[in-house]
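Counting convention: from 1, in listed order, for ligands and their atoms alike.
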Amino acid sequence: MAQLVLKNIYKRYDNGEKKWFQKKKENDFAVKNLSFTCEDGEFVGILGPSGCGKSTTLRMIAGLEEITSGDAYIGNVRINDLMPKDRNIGLAFEDYALYPPLTVYENLAFNMRAKKKSDAEIKAAIDYVAPFLKIDDLLDMKPPALSGGQKQRVNIARAIVRRPGLLLLDEPLSHLDGKMRQSLRQEIKRMHHEIKCTTIIVTHDQMEAMSLADRIIIMKDGELQQMGTPLEVYDDPVNEFVAGFIGEPPMNLLASTIRKNADKFFFTFEGSELQVAVPVKYNTVVKDGMKVTLGVRPVDVMISKTKVEGTEIPVALYENLGDEKRIGVRVGDMLLSMTTSEDVYYEKGQMVQLVFHGERTHLFDPATGERIRG
Ligand code: ADP
């Protein structure tokens with residue numbers, strides 16, 4: 001087990017495309033000024049849209065890509081210049097490169113044999129890990145006879161069997177079907193709970209990150225946006241990007257102008273009569289005419305049973321998804337969505353009155369996307 005520390009890491013891929021007279025630009029970097037610590041035994045998820053630098057980050061930690069600048073440490077050892085094999089890491093990538101002619105057992109044993117471990121040590125290690133990933137019945141089989149899910153289990157078992165200091169998982173579940181993903185996710189979680197190996201998983205699937213990781217790093221355009229527990233990034237996003245990225249269905253993000261009326265502040269919206277009271281906690285940070293992006297999750301918009309001045313609006317959309325109902329209203333040219341688990345029904349065009357959950361209504365600066373705190 002080990003702690004991983006990244007300090008001001010940059011990565012620029014040098015593909016030789018740039019001519020000497022062309023200036024290198026900031027956006028040439030696949031990863032920019034990335035710093036974080038993954039504590040000993042912690043499970044950290046790196047989450048972000050495609051191309052944001054997740055795999056590059058993992059590959060730099062693994063030693064498969066050079067670090068352009070910055071420092072990476074596993075334990076107290078600076079690993080920048082260490083060969084991958086000397087970093088004490090286990091790797092499981094999306095494409096499981098198992099050796100087809102070898103049995104599952106021999107695939108798992110391969111790296112330990114290379115390190116001259118005894119047969120007894122190898123057997124003990126495999127016997128310990130195999131049940132966590134439910135592959136104990138597969139040990140005599142060869143990879144071509146395994147299903148995709150089984151291969152991925154073996155792949156992960158192979159990465160962990162040597163008990164590395166750091167386990168790196170790159171989209172390990174992404175090409176498995178829904179049910180298989182779910183069960184393998186649970187097994188990875190259980191395995192981590194038992195073995196407590198410091199683990200980093202890269203994924204574009206927020207459910208995967210939220211359910212597996214102790215803390216999540218959200219990246220965009222090569223930069224870390226926020227690192228926090230799943231609850232922190234959901235409840236307390238630092239900017240509009242994180243707010244919109246985490247949560248399904250996504251947070252409503254509406255362009256709004258603050259208006260002051262009889263000493264109270266209201267959110268107003270272009271092309272709409274809707275006026276919703278600004279939670280009082282923002283009274284000291286908003287002013288009349290200020291432009292903001294209003295962020296409120298669909299579960300945090302409620303339909304009031306009593307009249308609320310200025311919030312009456314016709315229902316534009318109603319969907320019954322069984323355990324969840326979705327209701328949408330048009331606010332100018334934007335759609336505001338609400339979800340509820342209550343057993344309700346609304347006709348299209350039916351007038352409803354809205355209330356926003358005061359504590360869970362967020363404001364963002366439309367120019368920078370940064371959170372405005374009340
Ligand atoms: P993610 O894993 O988040 O999808 P990547 O780390 O694969 O993102 O990519 C980050 C950026 O680096 C992207 O712009 C991608 O095009 C670029 N990139 C990735 N690998 C290479 C490479 N081998 N050569 C050049 N550019 C690359």
Engineer: Would you please determine whether G48 falls within less than 4.0 Å of ligand 1 on a heavy-atom basis?
Structural biologist: no
Engineer: Given R59 and D170, is the salt bridge (Lys or Arg N to Asp or Glu O under 4.0 Å) satisfied, shown in steps?
Structural biologist: CA-CA 9 Å; R59 293 172 64 81; D170 191 355; over 6 Å; no
Engineer: Does at least one non-hydrogen atom of G222 fall below 4.0 angstrom from an atom of ligand 1?
Structural biologist: no
Engineer: Going by the order shown, which atoms of ligand 1 are within less than 4.0 Å of some heavy atom of P49?
Structural biologist: 3 (O)
Engineer: Are the side chains of L58 and F93 in touch, meaning some heavy atoms are under 4.5 Å apart?
Structural biologist: yes
Engineer: Under a 4.0 angstrom heavy-atom cut-off, which atoms of ligand 1 come close to C52?
Structural biologist: 1 (P), 3 (O), 8 (O)
Engineer: Would you please classify the geometry between the F241 ring and the F245 ring as parallel, tilted or perpendicular, with 30° and 60° separating the classes?
Structural biologist: parallel
Engineer: Below 3.5 Å, N or O to N or O, backbone or side chain included: is there any such pair between K54 and ligand 1?
Structural biologist: yes
Engineer: Select the closest option to atom 5 (P) of ligand 1 among V31, L47, T56, judged by heavy-atom distance.
Structural biologist: T56
Engineer: Above 12 or not: heavy atoms from other molecules or residues under 6.0 Å from CD of Q350?
Structural biologist: yes
Engineer: Any N or O on S55 sitting closer than 3.5 Å to an N or O of ligand 1?
Structural biologist: yes
Engineer: Nearest 0.5 Å, please: how far is CD1 in I89 from OG1 in T199?
Structural biologist: 12.5 Å
Engineer: At their closest point, which heavy atom of K11 faces which heavy atom of T68, and how far apart are they?
Structural biologist: CA-OG1, 3.3 Å
Engineer: Ligand 1 and A30, any nitrogen or oxygen pair closer than 3.5 angstrom?
Structural biologist: no
